[in-house]
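Only one structure is covered here, and it is reproduced in the block below.
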Protein chains: 2
Amino acid sequence: MQNHTPLREQLSEHLRQNGLKNTRQRQVILDAFLSSERHMAIEELLAAVQNRMSGVGHATIYRTMKLFTEAGIAHERRFGDGQTRYEPVFEGEHHDHLICEKCGLIVEFEDQLIEDRQEVIAASKGFRLTSHQHDIFGHCLDTAACAARKRKRR
Amino acid sequence: MQNHTPLREQLSEHLRQNGLKNTRQRQVILDAFLSSERHMAIEELLAAVQNRMSGVGHATIYRTMKLFTEAGIAHERRFGDGQTRYEPVFEGEHHDHLICEKCGLIVEFEDQLIEDRQEVIAASKGFRLTSHQHDIFGHCLDTAACAARKRKRR
DNA sequence: TTACTTGCAAACCTTTTGCATATTT
DNA sequence: AAATATGCAAAAGGTTTGCAAGTAA
């Protein structure tokens, strides 16, 4: 489990520095976002937020997640299924993703070999690397668990 | 320069096997697609096609590019800018992309080290790999050329 | 009190679909 | 002649925006 205090402070700092306000909605969305499992899609987040505070509009969620992204506490992820997902940014942490095309399971991976290699490639092609997205698609080897997840999703 | 004959034959074969028709529109779209530079966005493709045959609707482009993808002669690519791009699939070839966030330049790369590493990672996480998308974002080191491209794009 | 936020609805953009008409085989 | 394809316009799905009303500082 991660410590969320730095992220909360980072957001407060961002609000302060930009003359933005710490509204009740932003608090509730932050709580839902941080206590969520990772890779939450907008729809899931909206549902979680409305659980705690009904009446929050989807425009607010969109706007707030953009704000969190600008504040550096959230990363936007798109895995090609038309859903935008967000995950908390923990300092010094970077990972990429494996996605099961059958059940939608998302698993994280980190690989220093690939990270380093990318720098070499970027330089050799005349680029300065700023970021990357590396998604590996496949199928779960554990087909029973995969099928169960798939059933649960509908 | 690549030889397009195999791709043309592969499409003909796909049409034949599925009882689909070789229409004038499909020929024109295929020509535009193959003679294009790679990574053509739908909009660009539509413009190129309408140059040769006006009146072609966008629905036809969308439907046809899906058809080409099913026939295995096109790959769909999304780099997160809201545009869907297509590129020809040449046999035995695989590559990923570097994208300049300033000018939009897309450069291809191939790296066997990374390819192999992905297999290891997938297996270690309980996945069987089927495909991947690996995009490296950055900035051109050649800032003059980059600025020129950026200007040209608007 | 002033400036920023929210919620609603409408607008947007890209992609898909229904349907009558046209084209290929 | 039968079946597939096209073009149009409408629909769909996700995201953004204008604006009047609400809220934080």
Side-chain angles (χ1 to χ4, degrees), chain A residues 8 11-33 39-47 49-71 74-86 104 153, chain B residues 11-33 39-47 49-71 74-86 104:
Chain A
R8 292 182 184 276
L11 178 61
S12 296
E13 187 54 25
H14 179 84
L15 295 177
R16 202 174 308 125
Q17 291 193 349
N18 293 80
L20 306 176
K21 292 174 178 172
N22 184 15
T23 64
R24 174 117 192 279
Q25 286 86 339
R26 284 174 183 169
Q27 291 169 31
V28 172
I29 295 170
L30 180 60
D31 288 344
F33 173 57
H39 320 114
M40 264 216 146
I42 288 276
E43 280 312 308
E44 301 168 305
L45 202 45
L46 179 61
V49 166
Q50 289 185 331
N51 232 36
R52 295 163 170 248
M53 181 181 179
S54 64
V56 177
H58 67 167
T60 299
I61 304 282
Y62 280 106
R63 287 190 279 229
T64 303
M65 295 317 295
K66 286 253 178 293
L67 169 69
F68 288 1
T69 303
E70 280 156 23
H75 258 153
E76 224 178 70
R77 300 276 188 186
R78 269 177 268 252
F79 298 125
D81 63 348
Q83 302 269 49
T84 300
R85 286 165 213 279
Y86 290 90
R153 289 172 65 81
Chain B
L11 177 61
S12 296
E13 187 56 23
H14 179 85
L15 295 177
R16 202 176 308 124
Q17 290 193 350
N18 294 76
L20 306 177
K21 292 175 179 174
N22 184 14
T23 64
R24 174 114 193 284
Q25 286 86 337
R26 285 174 182 169
Q27 290 168 34
V28 172
I29 295 170
L30 180 60
D31 288 344
F33 173 57
H39 320 113
M40 264 214 147
I42 289 275
E43 280 311 308
E44 301 169 306
L45 201 47
L46 179 61
V49 166
Q50 290 186 329
N51 231 35
R52 293 162 172 249
M53 183 181 179
S54 63
V56 176
H58 68 167
T60 301
I61 304 281
Y62 279 104
R63 286 189 279 231
T64 303
M65 294 318 295
K66 285 254 177 295
L67 169 70
F68 289 1
T69 302
E70 280 156 24
H75 257 152
E76 224 177 70
R77 300 277 188 185
R78 269 178 268 252
F79 298 125
D81 63 348
Q83 302 268 49
T84 300
R85 286 163 213 280
Y86 289 91

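Throughout, protein chains are lettered first and strands after them, A, B, ... in sequence-line order, and every chain is numbered starting at 1.
- In this structure, CG of A:Asp81 is placed 12 Å from C1' of D:dG14, rounded to the nearest angstrom.
- With C:dT23, D:dT15, C:dT15 as the candidates, the nucleotide lying closest to the side chain of B:Lys21 is C:dT23.
- Side chains of B:Arg26 and B:Leu11 form no contact here, defined as non-hydrogen atoms less than 4.5 Å apart.
- A donor N or O paired with an acceptor N or O is found under 3.5 Å between the base of C:dG7 and the side-chain atoms of A:Arg63.
- Phosphate proximity of C:dT15 to B:Thr84: present, with a side-chain N or O under 4.0 Å from OP1 or OP2.
- Annotation: A:His39, atom NE2; neighbour count of heavy atoms from other residues, nucleotides and ligands within 6.0 Å is above 12.
- The two residues B:Ala32 and B:Val49 make their nearest non-hydrogen contact at CB-CG2, 3.8 Å.
- Nucleotides of DNA chain D nearest to B:Asn18 and B:Gly55 differ in position, and the one nearer the 5' end is that of B:Asn18.
- When rounded to the nearest whole Å, the span between NE2 of B:His58 and P of D:dA10 equals 12 Å.
- For the pair B:Arg85 and B:Asp81, the tightest heavy-atom approach, listed with the atom from each and the gap, is NH2-OD2, 2.7 Å.
- Computed from coordinates, the B:Ile29 CD1 to D:dA5 P distance equals 12 Å when rounded to whole Å.
- When side chains are defined from C-beta on, A:His75 does not count as touching A:Tyr86, because their heavy atoms never get closer than 4.5 Å.
- Between the CD atom of B:Gln27 and the P atom of C:dT23 there is a distance of 14 Å, rounded to whole Å.
- Taking atom CG of A:Leu11 as the reference point, atom P of C:dT5 lies 11 Å away to the nearest angstrom.
- Distance B:Lys66 NZ to D:dT6 P: 15 Å, rounded to the nearest Å.
- Rounded to whole angstrom, the span from the OH atom of B:Tyr62 across to the P atom of D:dA9 amounts to 17 Å.
- For the pair A:Arg16 CZ and D:dA24 C1', the computed distance is 15 Å after rounding to whole Å.
- B:Arg26 comes within contact range of the sugar-phosphate backbone alone, with a heavy-atom separation under 4.0 Å but no base atom that close.
- Both A:Met53 and B:Gln25 lie close to DNA chain C; mapped to their nearest nucleotides by heavy-atom distance, the more 5′-ward contact belongs to A:Met53.
- Listed pair A:Thr60 / C:dG7 meets the phosphate criterion, a side-chain N or O lying under 4.0 Å from OP1 or OP2.
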